[in-house]
Amino acid sequence: MERIPILRMGPFLLVTIQVDLHDRLVVTFQDDLTEQISRTGARGVLIDISALDMVDSFMGRMIANIAGMSRILDAETVVVGMRPAVAITLVELGLALPGVRTALDVEKGMELLRASRGLRLGKEEDGDLED
Amino acid sequence: MSAQGLKKGRLAGIVGNHEAEILANWVGEQTAVKGRRGASLNESELRAQCEAFLRAFRESLNGAASTDVESNEWRAVRGMLDELSRARAAKGFSSSEMAFFVMSLKRPLFGLLREIGGDAQSLADTTWEATEILDRMALFTTEVYQKAREEIIARQQEEMLELSTPVVTLWKGILALPMIGTLDSARTQTMMESLLQTILDTGSSIAIIDITGVPTVDTLTAQHLLKTVTAARLMGAECILSGIRPQIAQTIVHLGLDLGGMITKASLADAFAVALERTGRTIVRVRTGPGRESTATAIGMDPPA
């Protein structure tokens, strides 16, 4: 079965969405992600959507939902790499994703998470996650 | 139709035999009016144009079977008028001046017809033919003139659309979008797309939208601005709105528009300062007074980290 991989990078989790999210996949993904966050105690989640060419309202809502779930589990969500066309579509759909932080690329997103978590740049704190 | 063709032979003959005379009168006719209007076309140029036209006119008359200027026999004359109309439209002549170019041929032509005389019936017929042809040609020139002007307008509109939405890089990672003129949906769309694309291409994290050149802001304009800012935010870039004039600030409040999610600054300089601060930079004066040896080199220098 199709799955979206969730990668661990230090105290953060990195998710790259490259396929269209359909109902089943989203449910599995939400299960996986919340499970991972609570298991590892991750402080932040980076969702990279630079490979997505188009979104619909369902997709927009799912991104917002995922961000909301992560926040409840005390992990900040940063959506990175949104394409112009996708951004325009979401705005036109009225889905401005309030409460979701954004960055241009993974690198900048990582910086943002580090800064907001008071971690110094370039210093890996691998021991932060429990296994 | 055969009778008509025969009489046209008469008209063609008259024009052919008295070409020089018609030309002189025609040019005289035009220069008399030209002098009054002061249009910018010298006489030798006008004479050359008239001569060429008259020649084409005579040749077409010889071969033509009907007075229908749209038909194939008149192609040479049409081509000439087309060229002439476009050239004059570009020079700024008015449409009536352009029509007058053709219409003014009537007086010398009719005068000549009267001189030659003949029976009343054939004189009336020939005059009618000449009138019909010349009127149609005048209409044709006006049409071409209008088309040429419309093309110019369309091109200028397109250029304005391109010109009015340049995205400039102020510094590494800082973009500026100086907006000029009224914001409508089409322009905002172009603007939004080019801004977002440039953000993506340059990896800039801050964009300054300067509305100094925007005369009025209404609810629709504000909505467009908000959409642009939101879309940029979704991509991970921050927008600063600058150049808000006092009047516009008042309008925004009176309209009850909420620009809460936006950083707003009065001037582009203020916005730039904020942008530098956000990207961890600052501007430092490197020379304190005149007379130091390398004041000039300080201009354009990267501020020290």
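Each chain gets a letter, A, B and so on, in the order its sequence line appears, and its residues count up from 1. Just so you know, these numbers use all the heavy atoms, side chains as well, and skip hydrogens, waters and symmetry mates. Here the structure is a predicted model, which means the values were calculated and not measured.
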To the nearest 0.5 Å, atom CD1 of B:Ile199 lies from atom CE of A:Met82 at 12.5 Å
May I ask you to check whether over 12 heavy atoms, not counting those of B:Glu277, lie within 6.0 Å of atom CD?
no
So CG of A:Asp105 and CG of B:Leu200: to nearest 0.5 Å the spacing works out to 9.5 Å
Please check if atom CZ in B:Arg75 has more than 12 non-hydrogen atoms from other residues, nucleotides or ligands closer than 6.0 Å.
no
Within residues 62-78 of chain A, contacts to chain B at heavy-atom distances under 4.5 Å involve none
Scanning both residues in full, the closest heavy-atom pair of A:Ile88 with B:Ala231 reads N-CB, 4.4 Å
Turns out that what part of A:Val80 lies under 4.5 Å from chain B's heavy atoms comes down to neither
Of all heavy-atom pairs linking B:Leu234 and A:Val91, the shortest is CD1-CG2, 4.0 Å
Shortest non-hydrogen pair, A:Ala87 vs B:Met235, comes out as CB-CG, 3.8 Å
B:Thr230 and A:Ala96 have their tightest heavy-atom pair at CG2-CB, 3.4 Å
**Asked** For the side chain of B:Arg233 and the backbone of A:Leu97, is there at least one donor-acceptor N/O pair under 3.5 Å apart?
**Response** yes
Among residues 48-58 of chain A, those lying within the under-4.5 Å heavy-atom range of chain B are none
If one checks every heavy atom of B:Thr228 against chain A at 4.5 Å, the contacting part turns out to be neither
For A:Pro84 and B:Gln197, the nearest pair of non-hydrogen atoms, with its separation, is CG-OE1, 3.8 Å
